[in-house]
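Here's the structure we're looking at; comments come further down.
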There are 2 protein chains.
Amino acid sequence: MMISTRGRYALRILVDLAEHCSEEYVTLREIAERQEISEKYLESIVKLLVRAGFLEGLRGKGGGYRLGRRPEEIGVLDVLRLTEGTLAPVACLEEGGRPCARAPHCRTLPLWKGLNDVVTAYLGGFTVRDLMGKAEDGNDYII
Amino acid sequence: MMISTRGRYALRILVDLAEHCSEEYVTLREIAERQEISEKYLESIVKLLVRAGFLEGLRGKGGGYRLGRRPEEIGVLDVLRLTEGTLAPVACLEEGGRPCARAPHCRTLPLWKGLNDVVTAYLGGFTVRDLMGKAEDGNDYII
DNA sequence: TTTAATTCCTTGCTTGACAATAGGAATTAA
DNA sequence: TTAATTCCTATTGTCAAGCAAGGAATTAAA
């Protein structure tokens, strides 16, 4: 499985929050219940999202989380790169990866390069806004 | 990293063999040396390829491996599905996977479905023939 | 018939990432 | 002061990836 739970849950958190942004702050407990994911595990994922600015957290009573940017400004690719570390199909195509000595005559590198491009282009075309459901799906988000 | 060494090495083995098919059978040792991969590890990968018919093995002195089909008849997608198990981005899209209860209203499922389609379409367009190098790259393969 | 060279088969090992849990400190509103 | 939160630092269990070892079966050639 290419995409780990971290990445998948991260997106679900963001969409959930985007769809329930009428309330100022949403508690992690609410999200966890709606998404049927362990609250404790979500915590570790939310931490990443806060650090990256996708989410803002407020402590204390009445606290919770809300989006740090508008849904259409949160790119799916960015979220996945954050949570997955890299989406490159092979090590030699990772951002900070040391170049492979075989690269100049590697037969498979072009294949992986192309795969990387295809995946990046596809995921790069989505934002959290695109993942949000319609009102009849239980979406609170207005306008 | 999406693609494990098993899948990557499997393709390199097949391409290596395709490029050196002038000799009837090629020993695993030769392949391992050319590809700079542990012979023992290659053994476990080659076993899969033989079972699937991509390769034929001949035991004993003078033995080795050769392609079980022509390079243009070996699909990259098929090889990767064999060695990787599945290429589906998430569990709910795996072949024999049990359907997810959240699927009907899952916000992210369409995203993963699309990603799966994009990846499958891309990889499905390649065969081992497409990965083979030109003669000047040290390719023995003639016509 | 023996020997050397191979593929085949089973088994075990090590490591690291993933997935999740636990417990408490810091903060905030009521 | 209290209750409700987010934040922070660990720890644990599980599993697959990536090997390595040793020997059995087979084959060609000396």
Side-chain angles (χ1 to χ4, degrees), chain A residues 1-10 12-13 17 23-33 35-68 80 82-91 94, chain B residues 1-10 12-13 17 23-33 35-68 80 82-91 94:
Chain A
M1 195 163 36
M2 278 168 39
I3 309 291
S4 73
T5 57
R6 268 216 304 277
R8 291 183 282 128
Y9 289 177
R12 282 168 60 184
I13 292 169
L17 230 35
E23 315 139 56
E24 260 300 88
Y25 284 91
V26 179
T27 68
L28 200 53
R29 177 189 311 260
E30 277 181 74
I31 303 175
E33 276 170 7
Q35 298 296 324
E36 298 171 293
I37 304 172
S38 140
E39 193 179 337
K40 267 301 182 187
Y41 187 39
L42 281 195
E43 232 186 88
S44 63
I45 297 168
V46 153
K47 182 165 56 174
L48 296 172
L49 298 175
V50 169
R51 258 213 317 253
F54 295 124
L55 251 49
E56 287 172 1
L58 180 66
R59 288 182 177 186
K61 199 164 186 174
Y65 296 96
R66 68 177 178 193
L67 293 187
L80 290 178
L82 173 73
T83 52
E84 301 293 304
T86 176
L87 289 177
V90 296
E94 283 171 18
Chain B
M1 194 164 33
M2 278 167 39
I3 309 292
S4 72
T5 55
R6 267 217 302 280
R8 291 181 283 130
Y9 290 178
R12 281 169 60 182
I13 293 169
L17 230 36
E23 314 140 56
E24 258 302 87
Y25 284 91
V26 179
T27 68
L28 199 54
R29 175 187 313 258
E30 277 183 74
I31 302 175
E33 277 172 4
Q35 298 296 324
E36 296 171 295
I37 304 172
S38 138
E39 193 177 338
K40 268 299 179 188
Y41 188 39
L42 280 195
E43 231 186 89
S44 63
I45 297 168
V46 153
K47 181 165 57 175
L48 297 172
L49 298 175
V50 168
R51 259 213 317 254
F54 295 124
L55 250 52
E56 286 171 1
L58 180 67
R59 288 182 176 186
K61 197 163 188 172
Y65 295 96
R66 69 177 177 193
L67 293 187
L80 290 179
L82 173 73
T83 52
E84 300 293 303
T86 176
L87 289 177
V90 296
E94 285 172 14

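By convention in this document, chain letters (A, B, ...) are assigned in the order of the sequence lines, proteins followed by strands, and residues within each chain are numbered from 1.
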Whole-Å gap separating C1' (D/dA16) and OH (B/Y41)
10 Å
Applying side chain to side chain donor-acceptor pair (under 3.5 Å) to B/T83 and not counting sequence neighbours gives none
Among residues 42-59 of chain B, which ones have heavy-atom contacts with DNA chain C below 4.0 Å?
B/E43, B/K47, B/G57, B/L58, B/R59
Which distance, rounded to the nearest 0.5 Å, do you find between the NZ of B/K47 and the CG of B/L55?
14.0 Å
I need the CD-P distance between B/E84 and D/dA17, as an integer number of Å.
8 Å
Round to a whole Å and report the spacing from CD of B/E24 to C1' of D/dA28.
15 Å
N/O (side chain, A/S4) to phosphate O (OP1/OP2, C/dA19) under 4.0 Å:
yes
Nucleotide C/dT7, atom C1' - distance to CD of B/E30 in whole Å
14 Å
OH on A/Y65 to CG on A/L49, rounded to 0.5 Å
9.5 Å
Measure the distance from CD1 on B/I37 to P on D/dA17 and round it to the nearest whole Å.
16 Å
Spatial distance of atom CZ (B/R29) from atom CG (B/L42) [nearest 0.5 Å]
12.5 Å
What's the separation between atom CD1 in A/I45 and atom OH in A/Y9, rounded to the nearest 0.5 Å?
7.5 Å
Give a yes/no on whether any side-chain N or O of B/S38 is located under 4.0 angstrom from OP1 or OP2 of D/dA20.
yes
Length of the CZ-C1' vector between A/R66 and D/dT5, whole Å:
15 Å
Does any pair with a residue in residues 49-64 of chain B pass salt bridge (Lys or Arg N to Asp or Glu O under 4.0 Å), and if so which ones, sequence neighbours excluded?
B/E56-B/R66
Proximity to the side chain of B/L28 - top-ranked nucleotide from D/dT5, D/dC19, C/dT7:
C/dT7
If I compare all heavy atoms of A/R12 with all of A/Q35, which pair ends up nearest, and what's the gap?
NH2-O, 2.7 Å
Pairs under 3.5 angstrom, nitrogen or oxygen only, protein versus nucleotides 11-14 of chain D, please.
none

Shortest non-hydrogen separation from B/T27 to B/G63 and the atoms involved:
CG2-O, 3.6 Å
B/G62 or B/T83: which one's nearest nucleotide on DNA chain D is closer to the 5' end?
B/T83
Spacing between A/E39 atom CD and D/dT6 atom C1', to the nearest angstrom
10 Å
Among all residues two or more places apart in sequence or in another chain, which pass the side chain to side chain donor-acceptor pair (under 3.5 Å) test with B/K40?
B/E43
Is the shortest side-chain N/O distance from B/Y25 to OP1 or OP2 of D/dT26 below 4.0 Å?
no
Think B/T27 has a side-chain N or O under 4.0 angstrom from the OP1 or OP2 of C/dT7?
no
Classify the side chain of A/K40 and the base of C/dG23 as holding, or not holding, a donor-acceptor pair under 3.5 Å.
yes
A/K61 has a side chain; which of C/dA29, C/dA20, C/dT7 sits nearest to it?
C/dA29
For A/R8 and B/V90 the tightest heavy-atom approach is CD-CG1, 3.0 Å
Distance-minimising heavy-atom pair for A/E84 and A/G7
OE2-N, 3.0 Å
How bent is the helix from C/dT1-D/dA30 to C/dA30-D/dT1, comparing axes over its five end pairs at each side, to the nearest 10°?
10°
A/R6 side chain near C/dC18 phosphate (N/O to OP1/OP2, under 4.0 Å):
yes
Between B/G64 and A/T5, who's closer to the 5' end of DNA chain C by nearest nucleotide?
B/G64
Working to the nearest 0.5 Å, report the span between CD1 of B/I37 and CD1 of B/I31.
9.5 Å
